[in-house]
Amino acid sequence: MSIPTYIDLTETDQISQLWQYMRSRQVDIAENPTNVIEDDISTIIEATGHIWKKEADSKDLEGIVNSIISLLFTIPVNSVGPLVQKLCMKLEAGAQVEGKADLSFRLLHILFNGYPIENSFLYDVFCSWAKVANVSQSSIRHLPCDLSKIAGWIKLWDRPESCSLNLYRLLYEAQYNCGQHKKASEVMIALLECFTKETASDAQDDATKCIQRSIMDENTFVFDHLLVLAPIQALQGQLIHALLDIFVSGSIQAYLKFHEANPDFMEQNGLSHNENVRKMRLLTLVDVIGNRRELSFDDMLKGLEIEENELEELVIDAIITKLIRGRIDEVNRTIIVSQACKRSFDDGDWKKLAACLSKCKDQLSLVFEQLSSIN
């Protein structure tokens with residue numbers, strides 16, 4: 001089947017107009033179309049590569065490509081795939097032209113949403129869409145990012161697993177480079193979950209990048225969920241995994257010892273030693289607090305290895321990042337803590353939470369029974 005379109009011209013007339021336009025722009029094509037619609041569309045798509053830089057008016061260019069897309073919609077979906085792929089390549093290249101990335105993104109949006117989602121060539125459209133989003137950046141918010149939906153699409157498209165990995169990598173880079181670090185992290189986890197113990201070595205670069213960028217992210221303070229991923233486990237014995245272990249459960253002292261033993265490692269991995277010290281002091285502060293609700297300055301200074309004039313700034317930093325809730329009592333040289341985050345959440349913690357919820361449920365049931373008896 002083909003896709004219904006609503007342009008008030010026959011396919012032949014559209015092709016004729018596009019053909020004449022290309023020739024008017026000195027594009028080297030034959031004098032007349034062949035009247036074989038798929039061949040003529042292929043020639044016109046190829047010709048767009050020559051006018052992308054020459055056509056200063058984005059509206060004219062948008063109209064031309066929209067006309068091409070409308071022609072693609074008239075071709076049966078079981079044979080249009082190669083033409084769609086060819087147009088995607090031209091739109092990717094066009095996005096590199098200054099000021100044209102947003103236009104390429106919009107056109108790919110139209111192309112992707114113009115077909116029923118089960119068509120396998122939409123995989124190629126989505127990959128091009130993600131590449132162009134990486135260039136455009138301002139359009140990234142319009143790129144689909146629902147991972148459960150994307151996983152469903154991948155199954156429908158029935159592509160090899162290598163294609164799925166490629167799509168996740170493209171989506172990850174687009175989101176990360178556009179500043180959507182939280183969403184990018186979710187995509188990276190989905191990517192690493194695709195690997196088993198047997199295939200984990202194939203994702204060594206992905207796993208290393210995951211650790212590096214998690215440590216670099218100023219808003220990431222919980223790392224234990226990474227340890228269960230097969231590609232991360234495959235890095236055991238390497239320095240990057242040892243560093244991750246420190247950020248999962250180690251102290252500032254452990255980090256400083258690691259840095260002293262490996263003074264060039266941070267720079268080699270694109271990490272900032274000063275930022276790492278800041279983050280590890282915050283994480284160590286969470287450990288020092290534990291379940292206590294009042295701590296003296298002296299207790300904190302012992303555990304954090306900082307001067308007293310640095311302590312107040314660290315505590316304020318912890319409050320701003322929402323690692324703790326509390327206040328500083330300067331008169332009594334203490335901090336009063338109402339809540340502190342945990343660095344990890346193990347089976348024992350889940351059991352405690354389940355017990356608390358169960359108790360809460362029982363109490364609410366009792367209250368409900370007592371209120372019912374009053375009526």
Side-chain angles (χ1 to χ4, degrees), residues 2-75 77 80-115 119 121-144 170 174 177-178:
S2 56
I3 307 302
T5 56
Y6 304 96
I7 291 181
D8 192 21
L9 285 174
T10 66
E11 289 84 357
T12 302
D13 288 342
Q14 276 186 265
I15 289 174
S16 179
Q17 287 190 4
L18 289 168
W19 204 275
Q20 292 172 20
Y21 174 82
M22 295 302 175
R23 286 185 59 80
S24 73
R25 303 295 290 176
Q26 288 77 51
V27 178
D28 186 18
I29 58 175
E31 186 174 350
N32 296 301
T34 65
N35 292 325
V36 178
I37 186 169
E38 293 185 16
D39 292 345
D40 289 338
I41 293 174
S42 179
T43 300
I44 291 170
I45 291 173
E46 184 64 33
T48 61
H50 299 281
I51 66 166
W52 206 269
K53 290 183 179 179
K54 296 178 182 179
E55 186 56 71
D57 191 332
S58 292
K59 290 184 178 179
D60 287 350
L61 188 56
E62 187 169 9
I64 292 163
V65 180
N66 272 324
S67 185
I68 294 171
I69 291 173
S70 72
L71 286 169
L72 292 179
F73 288 163
T74 68
I75 298 174
V77 292
V80 77
L83 291 174
V84 169
Q85 292 168 5
K86 189 171 187 176
L87 180 58
C88 286
M89 292 176 63
K90 295 302 178 184
L91 292 173
E92 285 180 38
Q96 301 297 327
V97 178
E98 185 178 359
K100 298 293 199 306
D102 287 349
L103 172 58
S104 287
F105 187 93
R106 290 197 302 274
L107 293 167
L108 285 163
H109 178 278
I110 293 169
L111 189 59
F112 185 84
N113 289 286
Y115 289 99
N119 288 289
F121 56 77
L122 289 180
Y123 163 81
D124 301 289
V125 181
F126 192 93
C127 288
S128 294
W129 206 7
K131 291 177 186 177
V132 171
N134 200 356
V135 179
S136 170
Q137 298 205 348
S138 62
S139 300
I140 186 66
R141 64 186 183 277
H142 300 298
L143 186 70
L170 290 173
N177 292 336
C178 295

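Along the sequence shown, the residues carry numbers beginning at 1.
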Exercise for the section: Please assess Glu38 against Ser42 for the test side-chain hydrogen bond (donor to acceptor under 3.5 Å, both in side chains), listing each intermediate value before the final yes or no. Expected result: CA-CA 6 Å; Glu38 293 185 16; Ser42 179; over 6 Å; no

Handout entry: Test side-chain contact (heavy atoms from CB on, under 4.5 Å) applied to Ile44 and Tyr21, step by step
Key = CA-CA 10 Å; Ile44 291 170; Tyr21 174 82; over 6 Å; no

Exercise for the section: Under the side-chain contact (heavy atoms from CB on, under 4.5 Å) rule, what do Asn119 and Val80 come out as? Steps first, then yes or no, please. Expected result: CA-CA 10 Å; Asn119 288 289; Val80 77; over 6 Å; no

Practice task
Quick one: do Ile64 and Ile51 satisfy side-chain contact (heavy atoms from CB on, under 4.5 Å)? Show the steps, please.
Solution key: CA-CA 10 Å; Ile64 292 163; Ile51 66 166; 4.0 Å; yes

Practice task
Run the numbers on Ile75 and Ile41 for side-chain contact (heavy atoms from CB on, under 4.5 Å), then give the verdict.
Solution key: CA-CA 10 Å; Ile75 298 174; Ile41 293 174; 3.5 Å; yes

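What you find for Ile110 and Phe73 is that their closest heavy atoms are O-CZ, 4.1 Å. Taking each heavy atom of Cys88 and Ser128 in turn, the nearest pair found is CB-OG, 3.2 Å. In terms of heavy-atom proximity, Val132 sits nearest to Leu91 at CG2-O, 4.1 Å. A pairwise comparison of heavy atoms in Gly94 and Ser104 identifies C-OG, 3.8 Å as the closest pair. The two residues Val77 and Phe121 come nearest to each other via the heavy atoms O-CE2, 3.6 Å. Shown here for Tyr115 and Leu72, the closest heavy-atom pair between the two residues is OH-O, 3.3 Å.
In terms of the salt bridge (Lys or Arg N to Asp or Glu O under 4.0 Å) criterion, residue partners of Asp124 (sequence neighbours excluded) are, by chain and number, Arg159. Every side-chain contact (heavy atoms from CB on, under 4.5 Å) that Cys178 has, sequence neighbours left out, goes to Gln137, Ile140.
Of the options Thr12, Thr34, Asn35, a side-chain hydrogen bond (donor to acceptor under 3.5 Å, both in side chains) to Asp40 is made by Thr34 and by none of the others.
Between Met22 and Thr43, every side-chain heavy-atom pair lies at or beyond the 4.5 Å cut-off.
Listed by first then second residue, pairs satisfying ring-ring contact (aromatic ring centres under 6.0 Å, His included) with a partner in residues 88-108 read Phe105-Trp129, not counting sequence neighbours.
Separating the CG atom in Leu71 from the CG atom in Leu87 is a distance of 11.0 Å, to the nearest 0.5 Å. Taken from CD1 in Ile45 to CE in Met89, the straight-line distance is 11.5 Å, to the nearest 0.5 Å. Here the CD-CD distance, from Glu31 to Gln20, works out to 10.5 Å after rounding to the nearest 0.5 Å. Here the NZ atom belonging to Lys100 is positioned 9.0 Å from the CD atom belonging to Glu98, to the nearest 0.5 angstrom. Within the model, atoms CG of Leu111 and NE2 of His109 stand 11.5 Å from one another, a figure rounded to the nearest 0.5 Å. Remark: Ile37 CD1 to Gln14 CD distance equals 8.5 Å, nearest 0.5 Å.
Checking side-chain atoms of Trp52 against main-chain N and O of Leu61 turns up no donor-acceptor pair under 3.5 Å. Judged by distance alone, the side chain of Ser70 and the main-chain N or O of Ser67 form a donor-acceptor pair under 3.5 Å.
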